[in-house]
Amino acid sequence: MKLRIRFRKQEELRFIGHLDVMRYFQKVMRRAQVAIRYSEGFSPHQIMSFASPLSVGLISNGEYVDIDVSSADSSEAMRDRLNAAGVPQLQVLSVRRLDDSAKNAMASVAAADYVIWLKKEALPASREEEKALFEELLAFCKRPSVLTVKKTKKGEKEVDLKPMIWNAQAGELKLLRPAYAEAADAAYGLSVRLASGSAANVKPEQLLGAFLEARGGAESSVSFQIEREELYAVKEETGSLIPLEAFGSDF
Amino acid sequence: MKKLALSDEILLKIDKPARYTGGEINSVMKDPAKVAIRFAMCFPDVYEIGMSHLGIQILYDMFNRREDVWCERVYSPWTDLDPILRERKIPLFALESQDPVRDFDFLGITLQYEMCYTNILQILDLSGIPLHAADRTWADPIVIGGGPCAYNPEPIAPFFDLFYIGEGEVVYDELLDRYKEIKKQNKSRLEFLEAAAQIPGIYVPGFYEVTYREDGTIRAMTPVNPHAPARVARQLVTDMDGACYPEKPVIPYIRTTQDRVVLEIMRGCIRGCRFCQAGMIYRPVRERSVDELKALAKSMLLATGHEEISLSSLSSSDYTGLEELVRFLIEEFEGRGVNVSLPSLRIDAFSLDVMSRVQDVKKSSLTFAPEAGSQRLRNVINKGLTEEDILKGSAEAFCGGWNRVKLYFMLGLPTETDEDIEGIALLSEKVAETYYDTVPKEERHGKVQVTASTSFFVPKPFTPFQWARMCSSEEFLEKAALVNHKMREMLNRKSLRYNWHEAELTVLEGVFARGDRRVAAVIEEAYRRGALYDAWSESFRNEIWMDAFAACGVDIAFYTQRERSRDEIFPWDFIDIGVSREFLYREWEKALREEVTPNCREQCSGCGVRRYDCGVCLEERSAR
């Protein structure tokens, strides 16, 4: 039975890498006594697939891992059991059942939502300045083309991010983030949907870097906190983007 | 967001920021306003090494069981963070609260190996604590050292207020209670140190004066404070089952050296190898019961979610309940995604059977530690492993499918001759020959691979070899060259590999192991000149040390290359470890006569620890 787990990555755990999150969940599965299935072979490992690794420094409300279990009680009981065995910074939000034919989390991701705001120590003197900065960032996202230089193995290459920026809005931070999110010191922010996955991929840090470079100011991308809010995949029947969570159902 | 001592900007530019952010599962958070004592427990090396240490986990758990104490962890900032902390004047902090170490009541530093001594100074320096205990006030934490290197604390004595001599489970409660009282009564720091000096096992170096003879050896070490005892008695746990054990150890997010449940099955060793300090200072052997270990294994695997469990002891094969325990672990946990790992097992039918069940024979190798290349020299060091044991064990293993063998030796042992040294190559060759003799051609999986490794012998305090001369680094390298040369003469040389340790590092280890208070100046000087993380070959710089010795006028050879006379007063003689100096000297003489001493289960050799009335001393002996 395939299960899809949605979890958060918050607080100081923004500093642990993707492999550490994997190791963490392997241990949580054993602590919570989840009937997870193991691969065959001499050194069996848990059958587990993570969607889209998050860069160190980012926080998230929309991380996903798919697991394969031989039995499970209910969505709610599983979620509570995982949370009792884990830390609040990596809180599990939901556990849902996937069809056996469903594509795994890693393979299906097509887009991601992010919210960007200023860290406490980088906040300007007035709320107006703060608001103006995000209006400027929004205007940047809405330009006809958003050019940035990408460093590759072969050298530098200019790419246009514009086709991968799908949706952007600036506004009051508390309206951009989910209701359960811990309050931030900032008041304004930008919400943006970016292409993510194997077909086309842009990281929010790249967008921010392009903005700061074009702006030419002293700000560094470290001044901004980026939070991932959701991951999406294409629903084949309709061709529309729907959250990864919506591919599963409660049980 | 949680308060962090380091800014995001710093954390995002250093390697593995999670070394400094805490928040691990089972780490303990308390309200600082509700505790009387804040204890910073430090392992003076990088997080991944320090987090793998069982002793710290035991003490962390033990301290935090007390409601009035909050114990937190501190590790050495890695070389990328160190300059940032200095430049920006960020004080060193503890992981849990992220509060500066200087604001704590205690800073406890575990002393696991000599080459971490400059890291201790880094910890003090970055914390803003005066390096010298004599310069500290109540505004500074009480700095206390413990662990194996505390059995000769003299080279680092000026940097510590206190040393705890022995096993941590015993008198810490008393020390903490005394601290609370003294603080409540608004007494002085000196009064606290005086009170501490009266607790058995606590050594206050500032209360002793050392005088020297003209030849540089010690004339006397005398207490200069009426509260300080002439000798400090090592503390030990007499009932292992009653000792506390961390059932919920802290689980790091980042991969550490020891990413598994560690079960300490016993303390001490019955063997009495004459070079081995652990074999003397942890006497007598004390076992945990099989029943308790079974229960601990279950509860710890569940509490940690680790996928591996490992047994810890100096010589697991000597644990009386080994078969029962190992069979239980395998039956209970294998097939449930949990690996059982069994280090330090003697190779015999039982261990081979067990190993073939828990590991992939093709990928694993077999390890023997003959320590010396000839039977003569093995008798000198009292290593009861014979060539026959090794060859028979190898033959059985080869039949079981193994084809890789590791052999560990030491070079520079007392009385060593060229013949003994060449014996390393000859023994390796015989192991290789055994493979070709026992495994028929059609059943071989490729060539056999025999890897011999040599470390250089360092005489340690409280061993029969504490009187012995140690080699110079040139001598060490000549010996290694001789092994290497002999290896190439062997018929099966293509199946043999040989590697050896760093000689310069070993010589320094030798100085610190048997050094006295005059060595402290060298450590401080080397630290000032930039020595740090000396245990890491990538950061060890011998020239700094050589300059520091020269600048301080301290002669390396005095500490290393001198055979001591029977009655010389050693810097560590003020410690009573329970094993008598007479016994150690008797063993030294027997070593020179190439005579072996039976192990504790065969016959009591009267080492002196019988008076503790515990462990193997109370067992019925198989042969009298």
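Reckoned from all heavy atoms, side chains included, excluding hydrogens, waters and symmetry mates.
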Interface residues of residues 244-264 of chain B facing chain A - non-hydrogen atoms under 4.5 Å apart
Ile251(B), Pro252(B), Tyr253(B), Ile254(B), Arg255(B), Asp259(B)

Proximity of residues 58-72 of chain A to chain B, residues having a non-hydrogen atom under 4.5 angstrom
Ile59(A)

Please classify the contact of Leu13(A) with chain B as side chain, backbone, both or neither, using a heavy-atom distance under 4.5 Å.
side chain

Look at atom NZ of Lys119(A) and say whether more than 12 heavy atoms of other residues, nucleotides or ligands are closer to it than 6.0 Å.
yes

CZ (Arg23(A)) and NE2 (His306(B)) are apart, to the nearest 0.5 Å, by 8.5 Å

Using a 4.5 Å cut-off on heavy atoms from C-beta on, say whether the side chain of Leu302(B) contacts that of Gln33(A).
yes

Is Arg14(A) close to Asp8(B) at the side-chain level, that is, under 4.5 Å between some pair of heavy atoms?
yes

Taking 4.0 angstrom as the limit, do Glu11(A) and Lys2(B) come out as a salt bridge?
no

For the pair Arg31(A) (side chain) and Thr304(B) (backbone), establish whether a donor and an acceptor sit closer than 3.5 Å, ignoring hydrogens and angles.
yes

What part of Ala85(A) gets within 4.5 angstrom of chain B, counting heavy atoms only: side chain, backbone, both, or neither?
backbone

Can you tell which of Ile25(B), Leu301(B), Leu4(B), Leu12(B) has the highest number of heavy-atom pairs within less than 4.5 Å of chain A?
Ile25(B)

May I ask you to name which of Val87(A), Asp20(A), Ile16(A), Val28(A) has the most heavy-atom pairs under 4.5 Å with chain B?
Asp20(A)

Under a 4.5 Å heavy-atom cut-off, does chain B meet the side chain of Gln10(A), its backbone, both or neither?
neither

Return yes when atom NZ of Lys3(B) has more than 12 non-hydrogen atoms of other residues, nucleotides or ligands closer than 6.0 Å, and no otherwise.
yes

